[in-house]
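When reading the values below, keep in mind they use all heavy atoms of this one structure, side chains included, and skip hydrogens, waters and symmetry mates. Note that ligands are numbered from 1 as they come in the structure, with each ligand's atoms numbered from 1 the same way.
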Amino acid sequence: MTVELSQPVRERVRSAERVVVFSGAGVSRESGLDTFRGAGGLWERMRPEELATPEAFRADPEKVWQWYAWRYRRVCEASPNPAHKSVARLEAVFPIIRVVTQNVDGLHERAGSRDLLELHGTITRAFCNRCGQRRDMGEAIAESAAAPPVCSCGGRFRPAVVWFGEALPEDVFRQACEATESCDLFLSVGTSGTVYPAAGLIELAHQAGACLIEINPEPTPFSRWMDLRLTSPAGEALPARVEAMERCRCPTT
Ligand code: BV8
Ligand code: ZN
């Protein structure tokens with residue numbers, strides 16, 4: 001299906017040098033992974049404060065560890081979908097492109113995206129909450145699936161994700177802000193824009209005067225700012241739009 005971008009957006013895409021793709025759980029929905037909010041979202045069945053906070057881990061480490069082991073297994077069974085693959089393809093279309101994701105599933109990397117900033121960490125790794133020693137999550141779960149493995153220092157291993165109430169990795173967030181402040185084109189894909197400080201990047205891109213494109217079946221608090229809104233699922237919307245971007249950047253192809 002060949003689609004064309006509207007004239008004003010085509011001009012911005014044609015002249016864009018620096019691009020940021022900002023993604024959330026919706027980009028992995030078509031890979032069979034749950035989103036958090038909305039119908040069928042994780043938070044409909046579970047309470048984030050009981051599972052994704054340092055307090056929850058202190059109160060019931062087994063419950064939190066088993067929940068992340070369950071999510072880890074689902075991530076291993078999942079594969080990148082056409083949305084992830086289209087984002088990876090954009091690296092051949094634009095000279096400078098950074099993928100800034102809130103997702104901890106690693107699917108952008110598995111799809112081939114090389115310049116990736118994982119704002120909320122990754123579920124594929126674990127670290128000791130006392131000495132910081134890092135290890136592979138699969139290996140840690142293999143050692144102990146029911147409870148977080150104990151480290152040689154006496155600490156406990158936890159998933160290398162950013163929990164609510166915890167700071168984002170400083171360097172990663174700083175790089176995400178810098179890339180957003182200087183970008184010409186900002187694609188917001190599959191995020192409800194409700195979790196901070198990550199959602200603040202959409203505001204930053206707006207203030208920076210970037211061309212804003214949102215891919216989300218549902219409206220978000222930022223939809224009114226968008227130059228282009230695509231309301232079909234990302235796996236359907238993105239491939240054709242990336243082709244259109246390729247065409248308007250290198251007309252011969
Ligand atoms: C912190 C890792 C302080 C763990 C995650 C300002 C205002 C209000 C609140 C706050 C604020 N500042 C801070 C807060 C508190 C809090 C916060 O934002 N709370 C919210 C809920 C109100 N933020 C924090 O706690 C942050 N830390 O502030 O620390 C501090 C500072 C210095 C020093 C010490 C401490 C940390 C936040 C990070 C938490 N960790 N994940 C894990 O995964 O288990 S957040 C987690 O939820 C995800 O990573 C993601 O970020 C978020 C979910 O959002 P989305 O990805 O957008 O997913 P969602 O389900 O909401 O939406 C999916 C969308 O996709 C929908 O719109 C849907 O329509 C769409 N969709 C569905 N299908 C498709 C689709 N789109 C396209 N295609 C489809 N097929
Ligand atoms: Zn340790």
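With R98 contributing its side chain and A179 its backbone, the two residues share no donor-acceptor pair below 3.5 Å.
No side-chain heavy atom of R130 sits under 4.5 Å from any side-chain heavy atom of C151. Looking only at side-chain heavy atoms (C-beta outward), Q102 and S23 stay at 4.5 Å or farther from each other. With contacts defined as side-chain heavy-atom distances shorter than 4.5 Å, the pair V19/D184 does not qualify.
Ring geometry, H84 versus H108: the interplanar angle exceeds 60°, so the pair is classed perpendicular (tilted spans 30 to 60°).
The angle subtended at the Zn ion (ligand 2) by SG of C128 and SG of C153 is 100°, given to the nearest 10°. Here the Zn ion (ligand 2) is the vertex; the SG atom in C151 and the SG atom in C131 give an angle of 110° (to 10°).
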Task: Candidate pair V20 and L187, rule side-chain contact (heavy atoms from CB on, under 4.5 Å), full reasoning - done: CA-CA 6 Å; V20 167; L187 282 80; over 6 Å; no

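Checking each of V75, N103, N81 against L33 for a side-chain contact (heavy atoms from CB on, under 4.5 Å) leaves exactly one that passes, namely V75.
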Kindly print each ligand 1 N/O atom paired with any protein N/O atom under 3.5 angstrom away, one pair per line, or none if nothing qualifies.
{"unit_1": "ligand 1", "atom_1": "18 (O)", "unit_2": "Y196", "atom_2": "N", "d": "2.7"}
{"unit_1": "ligand 1", "atom_1": "18 (O)", "unit_2": "Y196", "atom_2": "O", "d": "3.4"}
{"unit_1": "ligand 1", "atom_1": "23 (N)", "unit_2": "Y196", "atom_2": "O", "d": "2.9"}
{"unit_1": "ligand 1", "atom_1": "25 (O)", "unit_2": "G165", "atom_2": "N", "d": "2.7"}
{"unit_1": "ligand 1", "atom_1": "27 (N)", "unit_2": "E166", "atom_2": "O", "d": "2.8"}
{"unit_1": "ligand 1", "atom_1": "29 (O)", "unit_2": "E166", "atom_2": "O", "d": "3.1"}
{"unit_1": "ligand 1", "atom_1": "40 (N)", "unit_2": "V162", "atom_2": "O", "d": "2.7"}
{"unit_1": "ligand 1", "atom_1": "43 (O)", "unit_2": "R71", "atom_2": "NH2", "d": "2.9"}
{"unit_1": "ligand 1", "atom_1": "44 (O)", "unit_2": "Y68", "atom_2": "OH", "d": "2.6"}
{"unit_1": "ligand 1", "atom_1": "44 (O)", "unit_2": "R71", "atom_2": "NH1", "d": "2.6"}
{"unit_1": "ligand 1", "atom_1": "49 (O)", "unit_2": "Q102", "atom_2": "O", "d": "2.7"}
{"unit_1": "ligand 1", "atom_1": "49 (O)", "unit_2": "H120", "atom_2": "ND1", "d": "2.8"}
{"unit_1": "ligand 1", "atom_1": "51 (O)", "unit_2": "Q102", "atom_2": "OE1", "d": "2.9"}
{"unit_1": "ligand 1", "atom_1": "51 (O)", "unit_2": "H120", "atom_2": "ND1", "d": "3.1"}
{"unit_1": "ligand 1", "atom_1": "56 (O)", "unit_2": "A25", "atom_2": "N", "d": "2.8"}
{"unit_1": "ligand 1", "atom_1": "57 (O)", "unit_2": "T191", "atom_2": "OG1", "d": "2.6"}
{"unit_1": "ligand 1", "atom_1": "57 (O)", "unit_2": "S192", "atom_2": "N", "d": "2.8"}
{"unit_1": "ligand 1", "atom_1": "57 (O)", "unit_2": "S192", "atom_2": "OG", "d": "3.3"}
{"unit_1": "ligand 1", "atom_1": "60 (O)", "unit_2": "F36", "atom_2": "N", "d": "2.7"}
{"unit_1": "ligand 1", "atom_1": "60 (O)", "unit_2": "R37", "atom_2": "N", "d": "2.7"}
{"unit_1": "ligand 1", "atom_1": "61 (O)", "unit_2": "R37", "atom_2": "NH1", "d": "2.8"}
{"unit_1": "ligand 1", "atom_1": "61 (O)", "unit_2": "S192", "atom_2": "OG", "d": "2.6"}
{"unit_1": "ligand 1", "atom_1": "65 (O)", "unit_2": "G190", "atom_2": "O", "d": "3.3"}
{"unit_1": "ligand 1", "atom_1": "67 (O)", "unit_2": "N216", "atom_2": "ND2", "d": "2.8"}
{"unit_1": "ligand 1", "atom_1": "69 (O)", "unit_2": "N216", "atom_2": "OD1", "d": "2.7"}
{"unit_1": "ligand 1", "atom_1": "78 (N)", "unit_2": "A234", "atom_2": "N", "d": "2.9"}
{"unit_1": "ligand 1", "atom_1": "80 (N)", "unit_2": "E30", "atom_2": "OE1", "d": "2.8"}

